[in-house]
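See structure below.
Chain A is the first sequence line, chain B the second, and so forth, proteins listed ahead of strands; every chain is numbered from 1.
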Number of protein chains: 2
Amino acid sequence: MVTLKDVARQAGLSVTTVSRALNAYDDVAAETRAHVERVASELGYHPNHIARSLQGTRAYAVGLVIPQLVHRYVDSFWQEFIAGVTSTCGEAGFDLVLCTGKDLHAEQAHYQRLVRTRRVDGVILCDARVRDQRISFLRQSHAPFVAFGRVLGHDDFSWVDVDGTTGVRTAVDYLLSLGHRRIGYLGTPTAFSFTHFRHEGYVDALFAAGLDYDERLILEDLDVASELQAPIMELMNLQEPPTALIACADYLAAGALRAVRSLGIRVPEDLSLVAFDDTLVSQHTEPPMTSIRQDNQLIGSRVATVLIQQLLGDGLPPSHELIQPSLVVRQSTAPLPAA
Amino acid sequence: MVTLKDVARQAGLSVTTVSRALNAYDDVAAETRAHVERVASELGYHPNHIARSLQGTRAYAVGLVIPQLVHRYVDSFWQEFIAGVTSTCGEAGFDLVLCTGKDLHAEQAHYQRLVRTRRVDGVILCDARVRDQRISFLRQSHAPFVAFGRVLGHDDFSWVDVDGTTGVRTAVDYLLSLGHRRIGYLGTPTAFSFTHFRHEGYVDALFAAGLDYDERLILEDLDVASELQAPIMELMNLQEPPTALIACADYLAAGALRAVRSLGIRVPEDLSLVAFDDTLVSQHTEPPMTSIRQDNQLIGSRVATVLIQQLLGDGLPPSHELIQPSLVVRQSTAPLPAA
DNA sequence: TTGTAGGCGTTATCAG
DNA sequence: CTGATAACGCCTACAA
């Protein structure tokens, strides 16, 4: 393997000079630089990344730990997100180092290792929780990081998030415009911080329309393994059942669709249904679903951009960025039929 | 950021002794070792992979370059594959370094950089092509690598692949058992090596059943952007149209489903349809599709295992592993109706 | 059984 | 402008 020393010897210069010549420092003679570059390429020199990292400068890599099993494993969220991260990183000359952790604790251990060993220059944190130990840890260990997802009351770190509040509010407004007044709500696990923002959109929209918040129409804390059949049945057997339902995740919408169908309720004739995420799942159901769409690749790309900016220009203030989702209208929603 | 030196100071020993105690050398007193281990865990010491790599020769990382845009981007293949790779790597103490390349040339450049700069110890190569320049490059640069996908006539490198031949053959056999005799075939791009193995399964099954290979029933080289409407129409308007169709990718099956439906042909009553891949796409169509299923996470896991074995025990002979897909029967296939 | 010294390849610091 | 020298954290002769 060709090292800097080999190049130095061959060029009749010191290792230091060669290093600086190759790294575009401005204090080396143009002639010397040319010579060094020629020798380096003749010898087929490539800098040893490991040594570079050990030395303490930049690793030109960012880290990401993905949960081993979350609901998102069933859709293509991570894939699109990662695609966004890697392509943006690539343009900036960074690589992505990926690990997986079975739980939050394991995730944190990975983050610790990655930054401590200088394997990466900074990390990306996903699925921000309401009380997130990982964030406290990263902050206190002075590891540059950017989170996908905000945490209420903590703006001392950079984050990129989807404006779930506006997303849900837009969807509810749309249902209202179709004449619906009894709108049910299926919420994601409350541990995730995005859950609360989405919920807020629902409340806001009802309030703006002067409608009551009826707790009986709300199902909360539903994860991918939740059994929806029974609660949905209860919901639809109310004195005044909802005429529309907004499900805060695709998997909930798909589950609700199956549940109501088994009750003989037709979508969208008897019940309108809106999903959130707009992955392949909601696009391929029958009928295809009206859904709040977030561009996962864009999210990954923005998170990476913010992190790299933070890494290159250091000491930048925390940046906060809200990405707007959009409502994709398909065939699972319809005007409220005249009673 | 606790280092060996910190542990040594705290334990009142030299760095050397601590290092040996922690690395299970047999020339340290049992008592000393216990003491060192206690101090190390109290301080939360974790060895620095980077430093370790520098003096040894292992980076404890493997590389993977994913194509920027291929048909697989629309399903969750990469996500599942990556999940398998990272979890297996993690267990062995390796990280995954991920890049993306817009074309094969860019991919190759990334592989070159990763191995030359010692950023990784070996790489994973995906989507093997019939004539794959990346493979020649990796072989000649002596970079340890494992491919997902074989290339006919090249067994001098390690690969893991899905037995597409048996997969398709099983599906055709199933259709035959339902009474079908006119079975159409929709093939993936011929540049991919798996295309040919799948095709072989089709031919084998027909031959074994004593049926003719009718070129009019075969559509080949269809990618995700292929317009299926016209060719499918032609296919179904034959004197003796097929009564069943086997599509060698989920996206082809979904496209075919739309195309035949627009012709007023019902699935499975008028036409049986089998897909390949069994991603969410084929699971959520109406009707849900009978599909040849491959376990993408398992594939990733096996590829990583083989690569790491190769890395740790060096000089191992190339290993070849064929993973069996399985046929998942759903509602897109039915017995041939009595004419 | 333990400690000392040297080096893996690179870059930062400071002298010349 | 260029070159010694000292790290980075770890391992491994070799010496004590």
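Shown are B:Leu311, B:Leu138, B:Ile308; of these, the side chain to side chain contact (heavy atoms under 4.5 Å, CB included) with B:Pro144 is made only by B:Leu311.
Each of A:Val2 and B:Leu13 was assigned the nucleotide of DNA chain C with the nearest heavy atom; the assignment lying further toward the 5' end belongs to B:Leu13. Nearer to the 5' terminus of DNA chain C, by closest-nucleotide assignment, is the contact made by A:Leu4 (compared with the other of A:Arg20 and A:Leu4).
Atom OG of residue A:Ser319 and atom CD of residue A:Gln310 lie 6.5 Å apart, to the nearest 0.5 angstrom.
Judged by distance alone, the side chain of A:Arg116 and the main-chain N or O of B:His46 form a donor-acceptor pair under 3.5 Å. The main-chain N or O of A:Ala191 is never found under 3.5 Å from a side-chain atom of A:Thr195 such that the two would form a donor-acceptor pair. Under a 3.5 Å cut-off, the side chain of B:Arg33 and the backbone N or O of B:Tyr25 do form a donor-acceptor pair. A distance-only check finds a donor-acceptor pair linking the side chain of A:His196 to the backbone of A:Thr190 [under 3.5 Å].
Checked against side chain to side chain donor-acceptor pair (under 3.5 Å), B:Glu37 has no partners two or more places apart in sequence or in another chain.
Defining each end axis of the helix from C:dT1-D:dA16 to C:dG16-D:dC1 as the rotation carrying four pairs' C1' atoms onto the next four, with five pairs an end, the two axes are found to diverge by 50° to 10 degrees.
Ring-plane geometry between B:Phe81 and B:Trp78 is classed as perpendicular, the angle between the planes exceeding 60 degrees on a 0 to 90 degree scale with a lower cut at 30.
Within the nucleic acid shown, A:Thr16 comes within 4.0 Å of at least one base atom, counting heavy atoms only. Among the heavy atoms of the strands lying under 4.0 Å from A:Val15 is at least one base atom, whether or not backbone atoms are also near. Residue-level contact check: B:Ile50 touches neither bases nor backbone, having no heavy atom under 4.0 Å from any strand.
Contacts with DNA chain C (heavy atom under 4.0 Å) in residues 24-37 of chain A: A:Tyr25, listed by number. Residues from residues 51-59 of chain A that place a heavy atom under 4.0 Å from any atom of DNA chain D, listed by number: A:Leu54, A:Gln55.
No side-chain N or O of B:Ser19 forms a donor-acceptor pair with one of B:Thr16 less than 3.5 Å apart. A donor-acceptor contact under 3.5 angstrom links the side chains of A:Ser301 and A:Thr88, judged on distance only. With hydrogens and angles left out, the side-chain atoms of B:Ser87 and A:Thr100 include no donor and acceptor closer than 3.5 Å.
A nucleotide of DNA chain C counts as in contact with chain B when one of its atoms lies under 4.0 Å from a heavy atom; the first and last such, 5' to 3', are C:dT1 to C:dG9. If you walk DNA chain D from 5' to 3' and mark each nucleotide with an atom closer than 4.0 Å to a heavy atom of chain A, the marks span D:dC1 to D:dG9.
Two residues are said to be in side-chain contact when any heavy atoms from C-beta on lie closer than 4.5 Å; B:His154 and B:Phe157 meet this criterion.
Contact record, B:His49 with B:Tyr60: ND1-CB, 3.8 Å, taken as the closest heavy-atom pair.
A salt bridge links B:Arg150 and B:Asp161; the closest N-O separation between the charged side-chain nitrogens and carboxylate oxygens is under 4.0 Å. Between B:Arg134 and B:Asp127, none of the side-chain N atoms (NZ, or NE/NH1/NH2) sits under 4.0 Å from a carboxylate O, so this pair counts as no salt bridge.
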